[in-house]
Amino acid sequence: MKKIAILTSGGDAPGMNAAIRAAVRCGIDRGMEVYGIDRGYEGLLDGDIRQMDWHSVGDILQRGGTILRTARSSRFMEDKWIEHGAMILDTFGIEGLVVVGGDGSLSGGLKLSKYGIPVMGIPGTIDNDLAYTEYTIGFDTAVNTVLGLISNIRDTSSSHERTTIIEVMGRNCGALAIHAGLAGGADVILVPEVKVDTNEICRKVLEGQATGKAHSLIVMAEGADFEPEALAGILEKMTGREARTVVPGYIQRGGSPTLADRRLASLTAAKAVELLYDDSDSKAIGMDSGKIIAMDLADALKIKPEFDMELYELANVLGKGK
Ligand code: F6P
């Protein structure tokens, strides 16, 4: 294979640039031509495709976001547009594609691959919601960003003896909330995967208060069954302590990627290029027990996410009391 392309799609994630850099440089190192597609599948459909050289990906390793830009393409949900995308790649003579994105983006890649173009999926999302891989690019950075916020919020919550609810991203997945809650010492973690009623939340907050804890921190996934302001109102009434809410939103999606994300991005992109060079069929590339893995793209996307109940329970035990 001589000509390959890369695109980033869906919500951006810190480390996507590291993946672009590795794909471009590994491809060139193997004597291939590497093309960058702007704005994900939207750019593909519009033919926004340019050849990348070694220096075009210089000085991006440390930057969050994606230099190729990204988009959520509604057009690419339709078969006629997917076929159009395959036709565009064919026109440019591109023989293989690297897609960096989440579940929807990789599923789009799978549909495209049916038109005879091998697609290598690289997991890029802060949500860590792709079941076939232990980690996704951007997750580690996002968790660390949330941890920084939790530390700051803890200071002021303690001074004012308040309860603070921090709503983190993650779509329908509680991974970001559990990891940030565990490492940030949250009193309560609320995730979409586990139903908890408000009495239970109040009980835990009161339990912490009774041990002399100055603050109460609740880390809540955006997909959990609560509205932060409404929950704060209930908590104030039931615990007698002031409650505040913080929704960091897109702050979680930006920032310089951590070592873990730069490493995962660089290794998965290098593997993607190696597989395309070897004329492999479509694969999903990820990590298992710290090692880079590649599995059939269709099979990988069929794997159902398994909730890490052990980690959730541990976080709950560790967050008890003062
Ligand atoms: O998938 C990444 C993510 O940040 C989710 O956590 C969040 O629900 C969603 O994207 C937000 O999407 P948008 O950027 O379209 O608002």
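Along the sequence shown, the residues carry numbers beginning at 1.
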Could you tell me whether Asp129 and Arg171 have a side-chain N and a carboxylate O separated by less than 4.0 Å? no
More than 12 heavy atoms of other groups within 6.0 Å of Lys291 NZ: no
Measuring from atom CG of Asn128 to atom CD of Glu134, what distance do you get when rounded to the nearest 0.5 angstrom? 9.0 Å
With a 4.5 Å heavy-atom cut-off, do Arg30 and Glu274 have their side chains touching? yes
Stepwise, does the salt bridge (Lys or Arg N to Asp or Glu O under 4.0 Å) test hold for Asp261 with Arg263? CA-CA 5 Å; Asp261 282 330; Arg263 182 176 181 277; over 6 Å; no
Just wondering, are more than 12 heavy atoms of other shown residues or ligands nearer than 6.0 Å to OH in Tyr312? yes
Any side-chain donor-acceptor pair under 3.5 Å between Gln252 and Thr145? no
Nearest heavy atoms of Ile126 and Phe139, plus distance in Å: O-CD1, 3.3 Å
Any donor-acceptor N or O pair under 3.5 Å, side chains Ser73, Glu42: yes
Can you check whether Arg75's main-chain N or O pairs, donor with acceptor, with Tyr41's side chain at less than 3.5 Å? no
Between Cys26 and Ala270 the two heavy atoms that sit nearest each other are SG-CB, 3.7 Å
To the nearest 0.5 angstrom, please state how far the CG atom of Asp288 sits from the OG1 atom of Thr133. 8.0 Å
Using modelled atom types and a 3.5 Å cut-off, is there a donor and acceptor pairing between side-chain atoms of Ser282 and backbone atoms of Val119? yes
Verify the cluster assignment for Leu97 and Val100: are they in a single hydrophobic cluster under the rule of side-chain heavy atoms below 4.5 Å apart? no
How many angstroms lie between atom OG1 of Thr239 and atom CD1 of Ile234, to the nearest 0.5 angstrom? 11.0 Å
Rounded to the nearest 0.5 Å, what's the gap from CG on Leu314 to CG on Leu311? Could you check? 6.5 Å
Is there side-chain contact between Leu182 and Leu318, with at least one heavy-atom pair below 4.5 Å? yes
State whether a side-chain donor-acceptor pair under 3.5 Å links Arg262 with Thr141. no
Which residues share a side chain to side chain contact (heavy atoms under 4.5 Å, CB included) with Glu33, sequence neighbours left out: Lys3, Tyr35, Gln51
Under the 3.5 angstrom rule, does the side chain of Glu95 hit a backbone N or O of Lys2 as a donor-acceptor pair? yes
Donor-acceptor pair, side chain of Asp90 and main chain of Ala86, under 3.5 angstrom: no
